[in-house]
Amino acid sequence: MAVLLHRLGLGAYRHRKLVLGIWLAVLAALVTCAGVFGGKLDDRFTVPGTESQRALDTLGRTLPEASGAGAQIVFTAPEGHHVTEARYTAAIAGAEAAAAKAPQVKTVMGPSVSGAVSADRSTAIVQVQYSVQRAEIRPSSLDVIERAAAAAEKNGLRTSVGGSAYGSNGVHIGPSEIIGVAVALLVLVVTFGSLLAAGMSLLPALLGVAVGLAGLLALTPVVSISSTAVTLALMLGLAVGIDYILFILSRHRRQLAHGTDPQESVALATGTAGSAVVFAGSTVIIALAALSVIGIPFLTVMGLGAAGAVLVAVLAAITLLPALAGFAGTRLTPKSGGKQAQRGADPDGSDGRTTLGARWVRTVVAKPLLTVLAAAGVLVALALPAADLRLALPDNGSAPVASAERKAYDTVSDKFGPGFNGPLLVLTETHDRPGAQAGAAAARELRDLKGVKAVLPPQPTHDPAQTVIQVVPETGPDSPRTARLVRDIRAAAPGIGEATGATVAVTGSTAVNIDVSDRLSDSLLPFTAIVVGLSLILLTMVFRSLVIPLKAAVGFLLSVAASLGTVVALFQWGRLADALGLAHTGPVVSFLPIILIGVLFGLAMDYEVFLVSGMREEWVHTGAARASVTAGARHSVRVVTAAALIMFTVFAGFFPLDDALIKPIAFALAVGVAIDAFAVRLTLVPAVLALAGRHAWWLPAWLDRVLPDLDVEGTRLQEAPRVVHKEPERVS
């Protein structure tokens, strides 16, 4: 691998104009495709093969409005008045008539038909049903609904509009994300001591992110891509893009400071640090692509989209960076003398200077057992809340407090009960008797189940053998009691079938979301086992050791558990929720643990390779176990620290977004990176290796012969002679 990447870096340096031109041409082509052919983002959750999805697909054919998105107009009378008063009923009827004229609206049901008036007669609901999903609803249609609600306010009513037709509307880059990039730039300037070097790290990363996002958006006409998938691709592409380039560029500048020719230095940095980048990026890509085996299209696209962004980041690091370094030439060489030269020439402190990182590693190695016990104790304490982890998909109850959909959600919950925000749909179907008769009988059976607040009269579909029964739970959509009710209805289905002659299937958005969460929960342990097993195999091949892979796997599991513990404490328990401005606390987003495991796995392997490869190199040369830990860590501790800080700030920059899906993911990734880099890689790793001594580098001879040699450290480049034909340095 190292030899191939050496040639690739050399070729990119020599043909820098062609390489840069190709990248710009690809970006222009993808942006054009996204602008001309790009479609809408699709945030639907589907679970192929489940009862809820099969029933929902059936309703899509026989009663489209039941399977489509819905909007609610919630009317509240002034204090001391009732919505049943004549002037208010007239205003509600007017809003109902106006909403019925909105484009794409299939049916409108007012309180006079549905009976949706609160017990105290202060609140009423008009239900607006579409025959299409939320992603297909045109903004003009929602505008008509909102204008109808606003017209009713002129008669003294307070109104709010919500329902499943509202939700996340895609990626909006704001000040917090820009601040995150600015902080990353500051970290790069401090690390390199050079604005040019910092810009050289940021420019190819941003270009790679642009290519990745444009490519993802260009696929929207043929693939259902969610706004969350785009945001995750943006987060990961930016974070790993800067980090990967940082690793290669820091090696390049250190070699320039030691007098290496710029052309050979770029090639050598691409062959050595670039090998670790390719290895780390491959692990992230494999882990993210593995999300597709779970069988949830939403998660599959999210994983593949993020994997594509990481792939582009790797390609930018090993092709675009060498090309841009060719334009800079010797100007990337740190100036001689002064702190800037010391940082640029040797940002890790390998020139003998006592850096903060080197002092920290020496302190850790001096008392390794105490360090291991203390660090492990802190991580276990942080992980304890994870035992109470509950998973669910967010709804409008997680929307910003000031949003109209959140106000509608809270009003409905207060006045009608939380179950009205997530009713279940029960599809009944007969074969040898009238569907309406069987549906009525099934409705009577459903009323007797525990956890049911109300059962509405069966509604016929275009198929005379079918009816749809709306079941209102006593609890909200994300409550464990609602999930239990879904299971109870399914358990009672055979008995209901015997009594009524109808098959019964639970569906609706609430049931689909519950099935998504259940499948993700069931997939969590197998997916974790696959990732951990993959890490053991890969690290055994890289470091020719048994202790290092075991230590890395345990450290990775501790990082994930501690990160999930902090997520549960904040988002589920509400600790520091007010201080951090959380709009809602409740179950954790269903796919967060799997996303966290997939992403953190790759990043952990990234830091592991860069940190331990230097230690292994020292061990090979000196044979001194403890000394190799401290000496080897100096070669990468500063760069790993800078990389972790950059990744933390990029992820944290997405935390202020008012998106119930992105906010916890951004928090989990930011905290996970900080924990893994500082508590595990820079603390536990050197301490455990110091404790293990010579045994840390032991591998049975038979296994050493069987395993392929990945040569991530570029040993073959040092053994084989390299002939480099110098060319005159050009400024252009």
Side-chain angles (χ1 to χ4, degrees), residues 43-47 50 52 56 69-70 72 134 162-168 226 228 296 298-299 385-386 388-401 403 405-425 450-453 470-490 506-522 524 564 567-575 577 582-595 658-665 667-668:
D43 289 315
R44 282 179 294 176
F45 294 95
T46 58
V47 202
T50 61
S52 60
L56 197 65
Q72 295 174 325
R134 182 169 67 84
S164 61
Y166 290 84
S168 174
S226 67
T228 306
I296 299 177
F298 179 94
L299 196 61
D388 190 37
L389 177 67
R390 290 192 295 114
L391 301 178
L393 287 170
D395 50 32
N396 284 340
S398 304
V401 177
S403 65
E405 58 265 33
R406 175 63 182 273
K407 292 177 181 178
Y409 184 98
D410 291 342
T411 302
V412 170
S413 182
D414 292 341
K415 297 297 183 179
F416 295 88
F420 275 85
N421 280 307
L424 305 174
L425 298 181
K450 183 179 179 181
V452 173
K453 183 178 180 65
Q470 192 172 93
V471 178
V472 180
E474 293 178 348
T475 50
D478 61 357
S479 171
R481 291 174 57 191
T482 302
R484 191 180 308 120
L485 175 59
V486 171
R487 291 192 291 269
D488 290 344
I489 295 175
R490 289 171 177 168
V506 187
T507 186
S509 59
T510 299
V512 170
N513 289 350
I514 290 171
D515 286 343
V516 170
S517 299
D518 288 345
R519 179 170 290 187
L520 288 169
S521 298
D522 295 340
L524 188 56
L564 286 178
V567 170
V568 170
L570 175 60
F571 289 90
Q572 189 173 309
W573 292 358
R575 306 289 168 79
L582 290 188
H584 175 76
T585 58
V588 175
V589 176
S590 301
F591 51 82
L592 184 148
I594 283 183
I595 291 291
D658 285 329
D659 189 301
L661 295 176
I662 295 301
K663 185 183 287 287
I665 292 176
F667 177 84

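Side-chain atoms are counted along with the backbone in the values below, which use heavy atoms only and exclude waters and symmetry mates. None of the values given here were measured: they were computed from a predicted structure. Numbers for residues simply follow the sequence, beginning at 1.
By the 4.5 Å heavy-atom criterion applied to side chains, Leu592 and Leu564 are counted as neighbours. Within the 4.5 Å cutoff, no side-chain heavy atoms of Asn396 are placed close to those of Asn421. The side-chain heavy atoms of Arg490 and Val506, taken from C-beta on, include a pair separated by under 4.5 Å. Taking 4.5 Å as the limit, some side-chain heavy atom of Pro477 sits within range of a side-chain heavy atom of Tyr409. Counting heavy atoms from C-beta on, the side chains of Asp478 and Pro394 never come closer than 4.5 Å. Taking 4.5 Å as the limit, every side-chain heavy atom of Phe420 sits out of range of all side-chain heavy atoms of Ser413. Annotation: side chain of Leu389 is in contact with side chain of Val588 (closest heavy-atom distance under 4.5 Å).
To the nearest 0.5 angstrom, Thr411 atom OG1 is 9.0 Å from Lys407 atom NZ. The CD atom of Glu405 lies 11.0 Å from the CG atom of Asp410; values are rounded to the nearest 0.5 Å. A distance of 8.5 Å separates OG1 of Thr510 from CG of Leu425, quoted to the nearest 0.5 Å. Between the CZ atom of Phe591 and the CG atom of Leu520 there is a distance of 8.5 Å, given to the nearest 0.5 Å. Going from atom CD1 of Ile296 over to atom CG of Asp515 covers 9.5 Å, rounded to the nearest 0.5 Å. Note that CG of Leu524 and CG of Leu391 are 7.5 Å apart. Values are rounded to the nearest 0.5 Å.
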Side chain to side chain contact (heavy atoms under 4.5 Å, CB included) between Phe298 and Val516, worked out: CA-CA 10 Å; Phe298 179 94; Val516 170; over 6 Å; no

Candidate pair Val472 and Val452, rule side chain to side chain contact (heavy atoms under 4.5 Å, CB included), full reasoning: CA-CA 6 Å; Val472 180; Val452 173; over 6 Å; no

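A donor-acceptor distance shorter than 3.5 angstrom exists from the side chain of Thr50 to the backbone of Val47, with no hydrogens or angles considered. Between the side chain of Ser52 and the backbone N or O of Thr507, no donor-acceptor pair lies under 3.5 Å. Between the Thr585 side chain and the Gly574 main chain, no donor and acceptor come within less than 3.5 Å of each other.
For the ring pair (Phe, Tyr, Trp, His ring centres under 6.0 Å) test, residues two or more places apart in sequence or in another chain that qualify with Phe667 are Phe571, Phe655. Legend: residues meeting side-chain contact (heavy atoms from CB on, under 4.5 Å) with Arg390, ordered by chain and number and at least two apart, are Pro480, Gln572, Pro587. For Arg519, the salt bridge (charged side-chain N to carboxylate O under 4.0 Å, His left out) test picks out no residue, with sequence neighbours left out.
Look at Asp395 and Arg406 and you find no salt bridge, because none of the NZ, NE, NH1 or NH2 atoms lies under 4.0 Å from a carboxylate O.
One side chain, Ser517 or Ser590, offers a donor N or O that lies under 3.5 Å from an acceptor on the other. For the residue pair Ser509 and Ser164, no side-chain donor N or O sits within less than 3.5 Å of a side-chain acceptor on the partner.
When all heavy atoms of Pro664 and Val589 are compared, the pair lying nearest together is CG-CG2, 3.6 Å. Nearest heavy-atom pair across Pro385 and Val568 is O-CG1, 3.3 Å. In terms of heavy-atom proximity, Ile514 sits nearest to Ala483 at CD1-CA, 3.7 Å. Taking all atoms of both residues into account, the shortest heavy-atom contact from Val412 to Gln72 is CG2-OE1, 4.0 Å.
The one candidate from Arg481, Lys450, Lys453 that meets the salt bridge (charged side-chain N to carboxylate O under 4.0 Å, His left out) condition with Glu474 is Arg481.
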